[in-house]
Amino acid sequence: MQTPILLHKNYTLNEEGYQLKLPLNLETIIPVDDSVRLLSQFVETMDLTDLYSTYERINTVSPRTLLKIVLYSYMNGDYSSRSMELNCKRDINFIYLLEGKTVPDHATFARFRSIHFAPCAKRILAEMSNLLYELGETIFIDGTKIEACANKYTFVWKKAVTKNQAKLLIKITNLIAECEQLYGIRIVHGDIVKMKHVKRLRKKLYALKQEENIVFVHGIGKRKTQLQKSIETLEDYLERLKGYTKKLHICGKRNSYSKTDPDATFMRMKEDAMGNGQLKPAFNLQQGVDSEYIVWLTIGPQPTDTTTLIPFLKETEEYLAFKYQKIIADAGYESEENYVFLDTNKQLAFIKPSNYEISKKRKYKNDIGHIENMDYDEENDSYICKNGKQLSFTHLRRSKSKTGYVSVKNIYQCKECKDCPYKKECIKGNNCKTPIEERNKVLSVAKTFLKYREEDLERILSDEGILLRINRSIQAEGSFGELKQDMQFRRYLSRGTSNVLAESILLAMAKNVNKLHNKIQKGKMGRHLFPLKSA
């Protein structure tokens, strides 16, 4: 029996020098102001009933402890489940969170994120936002595109599928006509070929095969009968048609998707290594920031931000315990539908108009063709151009957006543009087949939209509007900067909208805890907005 050698009061070594025991008091080793302590205390105050309900039985490590470990790993920019397992064995902060329990397997962390956390991720984020809420009344909304966990060459384009499907339908029509002539059968009664005719042809061809007792042959040196060729051609067409139909169903309202991750849509990204505008599979991440905390987020397949605002705000009202009164967003969110929704919902819009920057330029102000540079005669409901001619109201034009919103535009037209000396400056566009010399000036005026834009412009030019717009750049865009640069998260690690949303929410929660810790350390609690810097 080897005699232990006492080297130090905390180290016990045997004769070979191997350590036998190292007693650690984590409470004294980990600093009082360490972020791991704040995370642990914060998660302890959260109501995780929804998370616990996803478990039939709980093993040694509780869901609350697993959430702490995953969040702390995300706080330090490590998103691998294998790294989480390794850190639980080596890192004292992870050991502190584990509270003496057995180290979970990496598969346990992976299942926790996808099976248990994902179904209740929104409610858990809402729980955190409700705890962080500090009587702020403004929310800064912005979006970014993050690459999906999918191969960038596994694209399926809706336009190409539709085109190939149309060609295939022509081939099927020709095949039906050929079979009617070859086998003396009548399938189509009329000019229109429907799916029921294809099924009827398939049934009759197999009936002929059984009547004539034809045996199908395959391989080299075997000659196929005409009936076998017809049936195989028809089966091939039906299989291809089934594939096209499935692809169109997966696409839905989108223009593309990835075979690797069907929920991902191909979008134009800022990170373009080739410099050729290549489209990549990605998700549109929308974040709402208040007091530098991410209070809400959504994931969508839309390549633009315009149609994401209303679903985003509806979700905030559904999940959060408070309602924001002031909505601050950039020019990508401006639309008549969004203005009307915010007005109906009794929320103030601070949305930068899409023409705000260009309208300040001299070229725009001197463009006589713009409606802003024409005088409006309210009594006669007409516009007066630079030549003094009248553009009178002719009719209303209604148009429906992709979301189903119907907008109404007033159409005004001038009847005396023939000899106008300003015609080439006033009438723009070469898409019309009619030459400019033969065209009259036409104005399309969305009065509802212009009314809301004018009110919104007045708000954003006020002192409050300037302060809020600057804070949107700092807080909303700064949040994406922290996500992509500080946390080095530029590509999702999971697939499917549900898992991607869960991953985004874990990132947001980790970022919120880091931000809360920094605010406490710097004594900046209670600050909602960054003040304007004086010159």
Side-chain angles (χ1 to χ4, degrees), residues 70-71 73-81 110 113-114 117-118 121-122 124-125 140-156 254-289 292-309 311-312 315 329-330 332-333 472-473 475-512 514-515:
V70 172
L71 282 178
S73 186
Y74 273 65
M75 285 169 63
N76 291 278
D78 196 344
Y79 315 112
S80 168
S81 56
R113 285 187 289 190
S114 61
F117 182 80
K122 289 185 177 181
I124 294 176
L125 176 62
F140 305 97
I141 301 175
D142 202 0
T144 190
K145 298 168 189 172
I146 298 182
E147 191 175 348
C149 181
N151 190 308
K152 59 185 176 182
Y153 298 112
T154 57
F155 43 75
V156 175
R254 299 178 294 166
N255 293 324
S256 63
Y257 74 89
S258 171
K259 295 176 186 176
T260 316
D261 184 359
D263 290 343
T265 308
F266 278 79
M267 306 178 187
R268 199 173 302 280
M269 309 284 287
K270 289 183 179 177
E271 295 86 3
D272 185 10
M274 302 285 290
N276 57 357
Q278 183 184 29
L279 302 180
K280 295 180 182 178
F283 290 93
N284 190 344
L285 171 62
Q286 297 289 315
Q287 286 186 353
V289 182
E292 300 180 75
Y293 302 119
I294 301 172
V295 293
W296 198 248
L297 61 84
T298 57
I299 291 290
Q302 306 94 327
T304 57
D305 296 333
T306 311
T307 57
T308 62
L309 182 64
F312 183 93
E315 280 198 3
D330 63 6
Y333 296 87
R472 190 204 68 81
S473 300
Q475 298 198 36
E477 295 180 7
S479 174
F480 290 131
E482 292 177 11
L483 175 67
K484 292 185 175 182
Q485 191 63 34
D486 297 347
M487 303 177 76
Q488 287 296 306
F489 191 87
R490 298 178 179 271
R491 191 173 189 262
Y492 286 111
L493 305 176
S494 54
R495 295 171 182 171
T497 303
S498 176
N499 291 333
V500 165
L501 178 64
E503 202 170 351
S504 302
I505 288 177
L506 284 171
L507 284 163
M509 293 176 68
K511 187 255 182 190
N512 287 345
N514 274 332
K515 183 61 66 176

On a heavy-atom basis, which atom in [X] and which in [Y] lie closest, and how many Å separate them?
X: C149; Y: S494; value: CB-O, 3.6 Å
X: G332; Y: T306; value: O-OG1, 2.9 Å
X: Y333; Y: D142; value: OH-C, 3.2 Å
X: A502; Y: A121; value: CA-CB, 4.2 Å
X: F266; Y: S256; value: N-OG, 3.2 Å
X: L297; Y: E315; value: O-OE1, 4.4 Å

Is the shortest distance from a Lys or Arg side-chain nitrogen in [X] or [Y] to a carboxylate oxygen in the other one below 4.0 Å?
X: E482; Y: K515; result: yes
X: D263; Y: R495; result: no
X: R490; Y: E147; result: no

What's the spacing between [X] [atom1] and [Y] [atom2] if we round to 0.5 Å?
X: I294; Y: L483; atom1: CD1; atom2: CG; value: 7.0 Å
X: I146; Y: M269; atom1: CD1; atom2: CE; value: 8.0 Å
X: K280; Y: Y153; atom1: NZ; atom2: OH; value: 9.0 Å
X: F155; Y: N255; atom1: CZ; atom2: CG; value: 14.5 Å
X: R254; Y: T265; atom1: CZ; atom2: OG1; value: 4.0 Å
X: I141; Y: Q475; atom1: CD1; atom2: CD; value: 13.0 Å

Exercise for review: Would you check, one step at a time, whether the test side chain to side chain contact (heavy atoms under 4.5 Å, CB included) holds for L285 with K145?
Suggested key: CA-CA 6 Å; L285 171 62; K145 298 168 189 172; over 6 Å; no

Practice item. Show the numbers, then the answer: is there a side-chain hydrogen bond (donor to acceptor under 3.5 Å, both in side chains) between K484 and T144? Key: CA-CA 10 Å; K484 292 185 175 182; T144 190; 2.8 Å; yes

Are [X] and [Y] close enough that some pair of their side-chain heavy atoms sits under 4.5 Å apart?
X: W296; Y: Q287; answer: no
X: E503; Y: F489; answer: yes
X: I505; Y: F117; answer: yes
X: K152; Y: S258; answer: no

Point to revise | Any donor-acceptor N/O pair, D261 side chain to G496 backbone, under 3.5 Å | key: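 Checked: pair present.
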
Review point. Between the side chain of T154 and the main-chain N/O of N151, is any donor-acceptor distance below 3.5 Å?
Key: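 The answer is yes, because a donor-acceptor pair under 3.5 Å joins these two groups.
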
Check your understanding: Can you check side chain to side chain contact (heavy atoms under 4.5 Å, CB included) on M509 and Y74, steps first, answer last?
Key -> CA-CA 9 Å; M509 293 176 68; Y74 273 65; over 6 Å; no

Exercise for review: With side chain to side chain contact (heavy atoms under 4.5 Å, CB included) as the test, would you mind laying out the steps for S504 and F283 before giving the verdict?
Suggested key: CA-CA 11 Å; S504 302; F283 290 93; over 6 Å; no

Practice item. Go through the steps to decide whether Y293 and S479 satisfy the test side-chain hydrogen bond (donor to acceptor under 3.5 Å, both in side chains), and finish with yes or no. Key: CA-CA 8 Å; Y293 302 119; S479 174; over 6 Å; no

Exercise for review: Classify the side-chain pair Q286/N284 by whether it contains a donor and acceptor separated by less than 3.5 Å.
Suggested key: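 Q286 vs N284: donor-acceptor pair found between side chains.
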
Exercise for review: Please lay out, stage by stage, how R113 and N499 fare under the test side chain to side chain contact (heavy atoms under 4.5 Å, CB included).
Suggested key: CA-CA 8 Å; R113 285 187 289 190; N499 291 333; over 6 Å; no

